[in-house]
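Here is how names work: the chains are called A, B, and so on, in the same order as the sequence lines, proteins then strands, and each is numbered from 1.
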Protein chains: 2
Amino acid sequence: MTVNEQDFLAGYDPRDYPAVAVTVDVVALTIREGALHLLLIRRGAPPFAGHWALPGGFVQPDENLTAGARRELAEETGLGGERLRRVHLEQLGSYGAPDRDPRMRVVSVAHLAFAPDLPDPVADTDADEAIWLPVTALTSRQLAFDHGRIIDDGLERARSKLEYTPLATRFLAPEFTITELREVYETVWGHPLHAGNFHRKVLSVPGFVESTGASTERGGARGGPRAKLYRAGDARLLHPALLRPAREETVR
Amino acid sequence: MTVNEQDFLAGYDPRDYPAVAVTVDVVALTIREGALHLLLIRRGAPPFAGHWALPGGFVQPDENLTAGARRELAEETGLGGERLRRVHLEQLGSYGAPDRDPRMRVVSVAHLAFAPDLPDPVADTDADEAIWLPVTALTSRQLAFDHGRIIDDGLERARSKLEYTPLATRFLAPEFTITELREVYETVWGHPLHAGNFHRKVLSVPGFVESTGASTERGGARGGPRAKLYRAGDARLLHPALLRPAREETVR
DNA sequence: GTGAGTTGTTCTCAACCTGAGAGAGTGAGT
DNA sequence: ACTCACTCTCTCAGGTTGAGAACAACTCAC
């Protein structure tokens, strides 16, 4: 046991320790017009004035970490009620390098959110703008703090989660077609999938989707039959998983 | 943007906020005598005096989170140098429910460690004992704080990581046999595997293991040929993965 | 309306992977 | 010398995947 833990066990008062602040940040992803978008805030004040940053803020005394992330997301998107409840939110990881914020020691608990296509963030009392930005339009030089790294980790986690969970449905409306679901995978993974094989696979994984019995009102924009509509099934994990084509990649 | 973030951007002093302490805890796993063991500390002082707790303590001003976890692990195990460097350490997740510590708000950044069979923790200046305990011997009632939950998450993460990373080798000495590797999987997953199929699979996954050319000095304890020795390959991920037999389970 | 082209869905077939079992050969213990 | 446990390889049936094709339903342009 360390000297510090001894202090801790004795009911040590952390105000005498070097100050550490805990914030929650959110990597919020959505799909708009066939491209993966990320919710970002343009900073108005130094440090990193004019740079893009993840939405986030201090965790409140009475809320747990995920609740704080959901609150921050609600505040930035203007979302509430059922729409907010349908957003998938999970913890991504914590970032606490001593020099990640030049002002003081800040440990950020990053979260990852998957949302259906949402309206543009409401204009706030704030001067800083919040917008959905395509992830392809980002270079880490434009990003504040270590948020480029957090976003990279979030994107890799999102790509990975689509493999073995049904969370791709969280990017869609409650009822969707297999083609729309395939387009989520293609957008997040960044390459096209074989439509026939995808269709077979999705329907063969138990609990991934269930039929509504209904079909779309119209065929595709440029023709084709009406597609059957599905909703998310009750599976929490996909067995067997929908694996990405092999390629060299980084560990989670 | 929230009121709190405005404060943050203005260079707010967190000492005026309700105090939050940040600790690092470690779920350290090893395999001893064919059983999965966990490093635990018996608490001497309230709250939870006499209960088992994860090793951990305050994060220091100049260290990042993972370095803090490695330091705590070193302090509890007496490990250093090359032996310490061979331990796999990754972040597991952060736990920050407002009431998880009765004394004050504490956010704990939990880490997960895989270690080869290590000597018993050295007797410290401390009165509290540190010990490797079989995970099967635990009930959450004996555990301090939310450490039962953290341990559950760590065990599930360990089981999952063995599927798609070569980290099982981190439970073993630098040179090992396929049978020893299989026993790691059997111990962590909790059920026997088909020896022949496991052998075929391990050798077919590129970069999982590489041959040393050598063999063990003796056959098995009760006979059999000398086994070939392997060391860990350079793959960071297993393609294709070594999947657990299907069963209902929880999401990561 | 009609024709051209697009799309959703199903099918086929070869290649690959997995689970289960069997067997050859090695070496420790009695 | 014999037995038995053990490593390692092989076989075979069943399932899954990748690639391509077929076909009907549909939209749009004309």
task = Using the six-membered ring wherever Trp is involved, compare the ring planes of B:Phe114 and B:His88 and label them parallel, tilted or perpendicular (cut-offs 30° and 60°).
result = tilted
Among [options], find the nucleotide with the atom closest to the side chain of [X].
| X | options | result |
| --- | --- | --- |
| A:Arg226 | D:dC26, D:dT7, D:dG20 | D:dC26 |
| B:Lys228 | D:dC8, C:dT9, D:dC26 | D:dC8 |
| A:Arg200 | C:dT12, C:dT9, C:dG27 | C:dT12 |

inquiry  = Is there a side-chain contact between B:Lys201 and the phosphate of D:dT9, meaning an N or O under 4.0 Å from OP1 or OP2?
reply    = no
query = Using a cut-off of less than 4.0 Å, is there contact between a side-chain N or O of B:His199 and OP1 or OP2 of D:dC8?
reply = yes
request  = Would you mind telling me which residue lines up with the more 5' stretch of DNA chain C, B:Ala241 or B:His194, judged by nearest nucleotide?
outcome  = B:Ala241
request  = Let me know, please, whether A:Pro225 or B:Leu242 comes out on the 5' side of the other along DNA chain C by nearest nucleotide.
outcome  = A:Pro225
query = Taking the six-membered ring for Trp, is the centroid-to-centroid distance between B:Phe176 and B:Tyr230 below 6.0 Å?
reply = no
In plain terms, say whether [X] and [Y] are close enough for a salt bridge, that is, a side-chain N and a carboxylate O under 4.0 Å apart.
| X | Y | value |
| --- | --- | --- |
| A:Glu156 | A:Arg244 | yes |
| B:Arg32 | B:Asp120 | yes |
| B:Arg182 | B:Glu186 | yes |

Measure from [atom1] on [X] to [atom2] on [N] and round the result to the nearest Å.
| X | N | atom1 | atom2 | answer |
| --- | --- | --- | --- | --- |
| A:His239 | C:dT18 | NE2 | P | 15 Å |
| B:Glu183 | D:dC6 | CD | P | 9 Å |
| B:Ile178 | D:dT9 | CD1 | C1' | 13 Å |
| B:Leu203 | D:dC8 | CG | P | 8 Å |
| B:Leu243 | D:dG15 | CG | P | 17 Å |
| A:Tyr185 | D:dT17 | OH | P | 13 Å |
| A:Asn197 | C:dT9 | CG | P | 15 Å |
| B:Glu163 | C:dC17 | CD | P | 18 Å |

inquiry  = Counting the atoms with a prime plus P, OP1 and OP2 as sugar-phosphate, which does B:Ser204 contact under 4.0 Å by heavy atoms, base, sugar-phosphate, or nothing?
reply    = nothing
message = Within residues 213-224 of chain A, which residues have any heavy atom lying less than 4.0 Å from an atom of DNA chain C?
response = A:Arg222, A:Gly223, A:Gly224
inquiry  = If I compare all heavy atoms of A:Arg70 with all of A:Val87, which pair ends up nearest, and what's the gap?
reply    = NH1-O, 3.4 Å
ask   = Does a side chain donor of either B:Asp153 or B:Tyr95 reach within less than 3.5 Å of an acceptor in the other side chain?
value = yes
